[in-house]
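Please read the structure below before turning to the comments.
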Amino acid sequence: MPELPEVETTVRALRKKILGRKIKGAVATAPQLFHDKKLFRNIGRALRGDKFSAIDRHGKYLLFRLRSGRTMIAHMKLTGHFLVKDKKQKANDIHKHVRFRTDFADGGALLFSDLRKFGRCWLLAPNEVPEFFDDRKLGHDALSKEVSEVYLRAKLRRNRAVKSLLLDQTVVAGIGNIYADELLWMAKIHPLHKGLSLSEHEAVEIHKAMRDILHRGIKAGGTSIRDYRKPDGSSGYFQMLRAVYQRAGQPCPRCKTPIKRIVVAQRGTHYCPKCQRKN
DNA sequence: TCGTAGACTCGGCGTC
DNA sequence: CGCGGCCGAGTCTACT
């Protein structure tokens, strides 16, 4: 289910568990996981003998740095998640939708489970990484220091619904449907408010709410509605803190007005019609 | 009025 | 039917 907090939670857990372990082999079972069909068949040979030396994140992308200098980039899309299995467990014991596994020489493994098979992986040479993100025009990470109040306001100055802008990964990278709704509720901004007509004060509120809600999501270990799990199999608990997402008809935590559901940018959108006034 | 960029809409992608 | 993500194709519209 990954948005920025779930990806960050995953990255932090994986750093503790898989860095420095020697890779014995790898197998992919969903051809669409790798765009490159040759790589799909040869991923075992490609990774054998290598080690993960660092794990980074940009928006919703994970970057697995390899000692060989290459980078394996992964995107979990809607239902993907990484799990680390120890040598005693069988893969099927911890998940039945494993599409890709990297086996370590010590008997453990890194598993990528993805019910809907929307996830994607790329294995890139060092010089290919910058162009990978340039091609996608990916914006700065939502929590990076580059995304200041002034910068965010400038990026939101367009004639589009602010929610649609927040979901646009070229504006700022990492925000998805849950955290967009939650941060707009926190900032008291209507999801259909045009970016162009945001006041300076409103832009500052959005910036503050964005950082606050993403940090809270990380602190909670992510949101575990449906099938998102942390790499140890446990659940995050941000769903306990949700104010509006998928709470249509339930009372707004601030004013008790029933939460409304509309569709913005083809995505279910939840807001308080009293707290979040339209322009 | 024309051309263009940007915005919007829809369908698709596997699965439960 | 819905869904946390995102892409491509096609269409519309607003501006210069």
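Only heavy atoms go into these numbers, but all of them, side chains included; no hydrogens, no water, no symmetry mates. All chains are named by letter (A, B, ...) in the order of the sequence lines, taking the proteins before the strands, and each is independently numbered beginning at 1.
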Is the cationic atom of A:Arg254 (NZ for Lys, CZ for Arg) positioned less than 6.0 Å from the six-membered ring centroid of A:Trp185 and within 45 degrees of its normal? yes
Base, sugar-phosphate, or nothing for A:Arg120, non-hydrogen atoms under 4.0 angstrom? nothing
A:Gln246 and A:His270: side chain to side chain contact (heavy atoms under 4.5 Å, CB included), yes or no, with the steps? CA-CA 7 Å; A:Gln246 287 196 345; A:His270 316 75; 4.0 Å; yes
Single-linkage hydrophobic cluster A:Leu4~A:Ile73, side-chain heavy atoms < 4.5 angstrom: no
Counting only N and O atoms by type, is there a donor-acceptor contact under 3.5 Å from the side chain of A:Glu202 to the main-chain atoms of A:Ser199? yes
The nucleotide from B:dC13, C:dC6, B:dA7 with an atom nearest the side chain of A:Arg160 is B:dA7
Looking across every strand, which nucleic acid part, if any, lies under 4.0 Å from A:Gln32 by heavy atom: base, sugar-phosphate, or nothing? sugar-phosphate
Among B:dA7, B:dC16, B:dG14, the one nearest A:Lys117 by side-chain distance: B:dG14
Identify all pairs in which a protein N or O lies below 3.5 Å from an N or O of nucleotides 9-16 of chain C, and state each distance.
none

Parallel, tilted or perpendicular: rings of A:Phe52 and A:Phe64 (30°, 60°): tilted
Out of B:dC8, B:dC13, C:dC7, minimum distance to the side chain of A:Arg136 belongs to C:dC7
I need the CZ-C1' distance between A:Arg99 and B:dG14, as an integer number of Å. 8 Å
No-H, no-angle donor-acceptor pair, A:Arg116 side chain to C:dC3 base, under 3.5 Å: yes
Return the nearest nucleotide to the side chain of A:Arg261; candidates are C:dC6, C:dC3, B:dG14. C:dC3
Out of B:dC8, B:dC10, C:dG5, which has the shortest distance to the side chain of A:Lys194? B:dC8
Please work out whether the ring planes of A:His75 and A:Tyr61 are parallel, tilted or perpendicular, with thresholds of 30° and 60°. perpendicular
How close or far is atom P of B:dG14 from atom CG of A:Leu33, stated in whole angstroms? 12 Å
Applying the 5.5 Å / 30° rule, does A:Phe118 stack onto the base of C:dG5? yes
Would you indicate what A:Arg267 reaches in the nucleic acid, counting non-hydrogen atoms under 4.0 angstrom: base, sugar-phosphate, or nothing? base
Taking the side chain of A:Leu115 as heavy atoms from C-beta outward, which of C:dC6, B:dT15, B:dG14 is closest to it? B:dT15
Measure from the side-chain heavy atoms of A:His97 and tell me the nearest of C:dC3, B:dG14, B:dC16. B:dC16
